[in-house]
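A short write-up of the structure that comes next.
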Amino acid sequence: MSKTAKIAILGFGTVGSGTVEVFYKNKSAYEKSTGQIFDIKYILDMRDFPDSPYADKLVKDFDIIVDDPEVTVVAELIGGNTFAYDYVKRALSAGKCVVTSNKELVAAKGAELLKIAREKNVNFFFEASVGGGIPIIRPLQQCLMSDQIISIAGILNGTTNYILTKMLKEGAEFPEVLAKAQELGYAERDPEADVSGGDACCKICILASLAFGQHVYPQDVYTAGITSITKEDAEYASSWGGVIKLIASAKKLEGLPPEARRLEIIVSPMFVPFESQLSGVDDVFNAILVKGEATGEVVFYGRGAGKFPTASAVVADILNALKSRDSAKKLSWEDSGHDDYVINYKSQKHRFYLRLNNANKASVKKLFGEVNFLNRKNEPENEIAFITPEISGGELEEKCKNLKISGKMPVLEL
Ligand code: HSE
């Protein structure tokens, strides 16, 4: 057998400890199938874990790792954009392969980090950054590379899907379900990133960057979270023939050559019709629907968050990096070079669900034209809910200026 390949784990939190556990549980099987010997040499964390069976591997100083030529793969599982960015950059620059579950980092700095990885001929993998245990990055990059991707739409956040399922289907209250999602290891350290849509936004940015070849930055994407969704909205959705889901979607505008490509990207709760495969995706599960010109629709489904699903994706990346450490696999995209690569969502037309108070059907018709009125059990007299005809976000905003709106979201088009 060849000499032992040494791995360093950065961050011993939920995903970090899961990664170490999964790695040692299956270590001998990995070695048998690859003919290599692997070991984790360091675990970096600022906290002390005196009772951990891995206490002898714990270090607090990143220099020890980056300066150790024996370490060939670094798994960054700290999260965020500060220390993680610095460590990943330094590890790649030192010629080490890096794998990460950090969507915030890849969404903000992916183009730059991939460039360093290319220059150093090392791998930078991030399968665990999107969809937890669902293989999506590698399939998108390798299996669908023969095709032109038209659109991607998905449920990309396990925490909010779990919360919406428990609240809208089982009548649970938001604070309790959020606490449960935290206890189950689904939520981010700051769950605001989940409920605000920010986490799903980072993930759709990564998928869109990979699928369309140019970096999409989170700040360019219209993002709305789930905090204003109520049971009443869900009842209207059901009477319309669907459910409410937090959807992240990206599609290229038709008819433009690659050099003038523009993307429409949005993260928002949406009315999802029962006919859509996304409507039946509940609890912590995620699903990603990729539409290709030749392939048609392909759906990826699985557990989108949680210690072990995410850890399994990290370990798979570690093994891939170790197997191909002398031949960097091409996972890349470029900076777009123009500010309007992502178009303003307000300029695009959608159908919208609206729930108004103090309005009447005649005034609604006058303002919006032929709408589809919705009903729910015991609806108050002054409450009107309906689906608008296709209208741009900007026009809708203009029309809604003087209305008292209790609920508003786009309809997912199939
Ligand atoms: N907080 C994330 C989620 C974790 O709930 O989807 C997985 O990225």
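Atoms within each ligand, like the ligands themselves, are counted from 1 in listed order.
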Quiz item: For residues D335 and Y217, is any side-chain donor paired with an opposing acceptor at under 3.5 Å?
Solution: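 Yes - a donor-acceptor pair under 3.5 Å links their side chains.
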Nearest protein heavy atom to [atom], by residue and atom, and its distance?
| atom | answer |
| --- | --- |
| atom 5 (O) of ligand 1 | T159 OG1, 2.6 Å |
| atom 6 (O) of ligand 1 | G158 N, 2.8 Å |
| atom 2 (C) of ligand 1 | E188 OE2, 3.2 Å |

Run the numbers for me: atoms of ligand 1, each under 4.0 Å from some heavy atom of [X], listed by number.
| X | value |
| --- | --- |
| D194 | 1 (N), 2 (C), 3 (C), 5 (O) |
| G304 | 6 (O), 7 (C) |
| K103 | 2 (C), 4 (C), 7 (C), 8 (O) |

Quiz item: For the residue pair F386 and F368, is the inter-centroid distance of their aromatic rings smaller than 6.0 Å?
Solution: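 Yes, ring centres under 6.0 Å apart.
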Quiz item: Would you say the ring centroid of W240 lies under 6.0 angstrom from that of Y353?
Solution: no
Self-check item: Contact check: N286 vs ligand 1, nitrogen or oxygen atoms, below 3.5 angstrom
Solution: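 Among all N and O atoms of N286, none is under 3.5 Å from an N or O of ligand 1.
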Quiz item: Does K203, backbone or side chain, put an N or O under 3.5 Å from an N or O of ligand 1?
Solution: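 Yes, since at least one N or O of K203 sits under 3.5 Å from an N or O of ligand 1.
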Practice problem: Sort and list the pairs that fulfil side chain to side chain donor-acceptor pair (under 3.5 Å) and have at least one residue in residues 75-85, not counting sequence neighbours. | Solution: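 Pairs touching residues 75-85 that pass the test: E76-T100, E76-N102, Y85-K89, Y85-E112.
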Quiz item: Any idea which of V130, V15, N157 brings a heavy atom closest to atom 3 (C) of ligand 1?
Solution: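 It is N157 whose heavy atom sits nearest to atom 3 (C) of ligand 1.
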Exercise. Indicate yes or no: does K115 engage E119 in a salt bridge with an N to O separation below 4.0 Å.
Key: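 Salt bridge present between K115 and E119.
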Quiz item: Hey, is K57 close enough to D45 for a salt bridge, meaning N to O under 4.0 Å?
Solution: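 Here K57 does not pair with D45 in a salt bridge, since their nearest N and O are not under 4.0 Å apart.
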Enumerate, atom names and distances included, each donor-acceptor pair closer than 3.5 Å involving a side-chain atom of residues 290-318, sequence neighbours excluded.
residue	atom	partner	partner atom	Å
T295	OG1	D147	OD2	2.2
T310	OG1	G306	O	2.7
S312	OG	P309	O	2.8
D317	OD1	R138	NH2	2.8
D317	OD2	F126	N	3.3
D317	OD2	E127	N	2.8

